[in-house]
There are 2 protein chains.
Amino acid sequence: MEKTKIDVQELARVLKLLGDSTRLSIMQYVSKGECCVCELVELLDMSQPAISQHLRKLRDANLVVENRKRKWIFYRINEHHVAYELIHQLLEELPSVDDEFEELDRKNLRIICD
Amino acid sequence: MEKTKIDVQELARVLKLLGDSTRLSIMQYVSKGECCVCELVELLDMSQPAISQHLRKLRDANLVVENRKRKWIFYRINEHHVAYELIHQLLEELPSVDDEFEELDRKNLRIICD
DNA sequence: CCCTTGTATAAGTAAATGCTTATATGATTA
DNA sequence: TAATCATATAAGCATTTACTTATACAAGGG
């Protein structure tokens with residue numbers, strides 16, 4: 001069974017989306033578990049529309065999927081994307097974001113919703 | 001021995017460069033062996049200045065290294081780049097470019113220079 | 001029902017990008 | 001030394017990008 005090959009244009013499209021530090025960070029956060037928009041706004045210290053627009057691009061490319069719970073919209077990485085394994089490896093090269101999540105907890109800005 | 005981590009900004013910079021199908025193809029070609037500019041112009045069917053400008057970006061980012069031989073300038077992938085292993089894995093996801101190199105041979109446009 | 005909260009979208013803008021054409025540079029050859 | 005070949009650089013331009021501010025929309029809570 002031959003491993004699936006990815007088209008150059010398609011891979012370039014994905015890499016272009018990941019080639020922005022805000023979006024790359026978003027991908028890292030949402031790969032650790034679901035994040036809602038307001039959490040990402042806090043984690044990345046950026047305006048809500050800016051985050052929303054980045055999320056739209058990632059969603060349009062199917063790199064993330066949304067999950068609506070009560071009044072929040074949670075995003076998580078799409079594990080079924082053709083390039084998921086590759087993206088996962090990329091993200092593993094990055095320093096941990098555990099501290100950022102802990103700080104979010106300390107500030108009581110983590111949204112727990114089950 | 002902990003594996004070297006790459007800064008988010010730095011990885012994003014690399015991915016941004018790879019997030020262009022022309023440059024991604026160039027990287028693929030020069031990872032298979034040295035290519036001079038005129039070969040890349042032929043392989044990618046683009047203008048010489050366009051290729052040159054893409055090569056400059058890749059060279060500035062240390063993703064490729066140049067090697068001057070006689071009147072040609074050959075480029076090859078920089079195996080010592082921090083993200084080399086990662087890039088190598090990315091390139092392995094792409095379909096082979098052997099046919100393109102063979103066509104170059106058939107057209108007698110391959111530069112052999114030793 | 002209103003009012004608030006969370007998120008999305010629209011419009012505008014400055015900066016970056018990727019080409020083009022024209023020209024410069026540098027090495028090779030006649 | 002002049003002509004040629006391979007490549008680089010400069011300038012110009014249309015398009016894309018990533019923000020901003022303002023507004024819309026959708027879900028909950030009083």
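Lettering follows sequence order; numbering is per chain, from 1.
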Whole-Å distance separating the [atom1] atom of [X] from the [atom2] atom of [N]:
| X | N | atom1 | atom2 | answer |
| --- | --- | --- | --- | --- |
| A/Arg13 | D/dT16 | CZ | P | 14 Å |
| B/Leu17 | C/dT17 | CG | P | 9 Å |
| B/Phe74 | D/dA6 | CZ | C1' | 11 Å |
| B/Leu109 | D/dA6 | CG | C1' | 14 Å |
| B/Asn67 | D/dA6 | CG | P | 17 Å |
| A/Ile111 | C/dT5 | CD1 | P | 13 Å |
| B/Ile73 | D/dC5 | CD1 | C1' | 12 Å |
| A/Ile51 | C/dA8 | CD1 | C1' | 14 Å |

With respect to the phosphate group of [N], does any side-chain polar atom (N or O) of [X] fall under 4.0 Å of OP1 or OP2?
| X | N | result |
| --- | --- | --- |
| A/Arg68 | C/dG6 | no |
| A/Ser52 | C/dG6 | no |
| A/Ser47 | D/dT20 | yes |
| A/Arg56 | C/dT7 | no |
| A/Tyr75 | C/dG6 | no |
| A/His54 | D/dT17 | no |

If you check the [X] side chain, which of [options] turns out closest?
| X | options | value |
| --- | --- | --- |
| A/Lys71 | C/dG6, D/dT7, C/dT7 | C/dG6 |
| A/Cys36 | C/dT7, C/dA8, D/dT17 | C/dT7 |
| B/Trp72 | C/dT17, D/dT7, D/dA18 | D/dT7 |
| A/Arg70 | C/dT7, D/dA11, D/dG29 | D/dG29 |

*Spell out yes or no: do the side chain of B/Gln48 and the base of D/dA8 have one donor N/O and one acceptor N/O closer than 3.5 Å?*
yes
*State plainly whether the residues A/Lys5 and B/Glu93 are in salt-bridge range, i.e. N to O under 4.0 Å.*
no
_Pair B/Lys107 + B/Glu42: basic N to acidic O under 4.0 Å_ = yes
*What do you reckon, is CG of B/Asp45 surrounded by more than 12 foreign heavy atoms closer than 6.0 Å?*
no
*A/Lys69 near the nucleic acid: base, sugar-phosphate alone, or nothing, with a heavy-atom cut-off under 4.0 Å?*
nothing
*asked:* Heavy-atom nearest nucleotide on DNA chain D for B/Pro49 versus A/Lys16: which residue maps closer to 5'?
replied: B/Pro49
_Residue whose nearest DNA chain D nucleotide is more 5′ - B/Gln53 or B/Cys38_ = B/Cys38
*Taking the six-membered ring for Trp and the full ring for Phe, Tyr or His, determine whether the centres of A/Tyr29 and A/Tyr75 are under 6.0 Å apart.*
no
*Which pair of heavy atoms, one from B/Gly19 and one from A/Lys16, lies closest together, and at what distance?*
O-CB, 3.4 Å
*From CG (A/Leu15) to CG (B/Leu24), nearest 0.5 Å*: 6.0 Å
